[in-house]
Amino acid sequence: MMKKDCLEIVRSKCESCKACALGATRNNIVFSDGNPSTAKIVLIGEAPGEMEDETGRPFVGRAGQLLNDFLKEAGISRDEDVYVINTVKCRPPKNRVPSDEEKASCRKFLNAQIDIINPRAIVLCGATALKSFVELDKKQTISKVRGQWMTINVDGKDYRAITIFHPSYLLRNHSLDEGSPRRLMKQDLANIKNEILADVDHSQDDNQVEYMNTSREIAMV
């Protein structure tokens, strides 16, 4: 079974999920975007917004367009290099931050996506994604930990991970001065490009490689 086939099974389970209250208010689940066969990075955002809920795709609003611009400038292809997901698959009312209970209800889908993609790196986009995987003390803020490589464990497997600012934060910070959030975002994405994608050859399509480790992902959802 190939990656895309495994993910379609997980998606179908997600579409029928009513494990938390968000299942009753969504228009669409927002499962993912990107090519699972070529993606070397899993980028995890917070939660769907209004446009995402309408279209069923993550990061399609103003923040998503800004993310696209930064990725393109860094030489990272959203279509080929990145598999984009969120901590939860349904929009919280009024675009509020998802609760711990909502994230816990959705975690099995998130973990299955990561395990099936088996990325070289995970990019935690914003504080909500970061806090979903890393316990922070009160002195640790996203401004202090962004841009630092770390190791996170997902269902017993270690992955390289790095935190970047959420693009919605950058919409409120327009400066490109040295040390500004937008300048730091450019630096972080350049770092990711050099560390993770320097040797990527998109002519090598792993669609022909079967994904063999499917039993847990398919059985658990």
Sequence neighbours excluded, which residues qualify as salt bridge (charged side-chain N to carboxylate O under 4.0 Å, His left out) partners of [X]?
| X | answer |
| --- | --- |
| D177 | none |
| R96 | E102 |
| K72 | none |
| E15 | none |

Below 4.0 angstrom, N of the basic side chain to O of the carboxylate: do [X] and [Y] qualify?
| X | Y | result |
| --- | --- | --- |
| D199 | R120 | yes |
| D81 | K40 | no |
| E52 | R91 | no |

Which ILVMFWY residues are connected to M51, directly or by a chain of links, through side-chain heavy atoms under 4.5 Å apart?
->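 Members alongside M51: V60.
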With sequence neighbours excluded, what pairs up with [X] under the side-chain contact (heavy atoms from CB on, under 4.5 Å) test?
| X | answer |
| --- | --- |
| A39 | Y83 |
| C14 | I29, F31, K89, F109 |
| N68 | Q65, R78 |

Polar contact flag, side-chain donor to acceptor under 3.5 angstrom, T87-K103 |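 Side chains of T87 and K103: no pair found under 3.5 Å.
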Does a donor on one side chain and an acceptor on the other come within less than 3.5 Å for K157 and N118?
->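 Judged by distance alone, the side chains do pair up.
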Any ring-ring contact (aromatic ring centres under 6.0 Å, His included) involving residues 145-167? Give me the pairs, sequence neighbours left out, ordered by first then second residue.
->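 The answer is F59-H166, F165-Y169.
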Testing V42, I117, D5 for side-chain contact (heavy atoms from CB on, under 4.5 Å) with P36, which one passes?
->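 One option only clears the test, and that one is I117.
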Partner residues of E135 under the side-chain hydrogen bond (donor to acceptor under 3.5 Å, both in side chains) criterion, sequence neighbours left out |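 If we apply the side-chain hydrogen bond (donor to acceptor under 3.5 Å, both in side chains) test to E135, skipping adjacent residues, there are no hits.
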Can you name the residues that form a side-chain hydrogen bond (donor to acceptor under 3.5 Å, both in side chains) with Q187, not counting sequence neighbours?
->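 Partners of Q187 under the side-chain hydrogen bond (donor to acceptor under 3.5 Å, both in side chains) test: none.
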Heavy-atom side-chain contact between M185 and L170 under 4.5 Å =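 Yes, their side chains come closer than 4.5 Å.
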What pairs meet the side-chain hydrogen bond (donor to acceptor under 3.5 Å, both in side chains) rule with one or both residues in residues 18-27, with sequence neighbours excluded?
->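 The answer is N27-D53.
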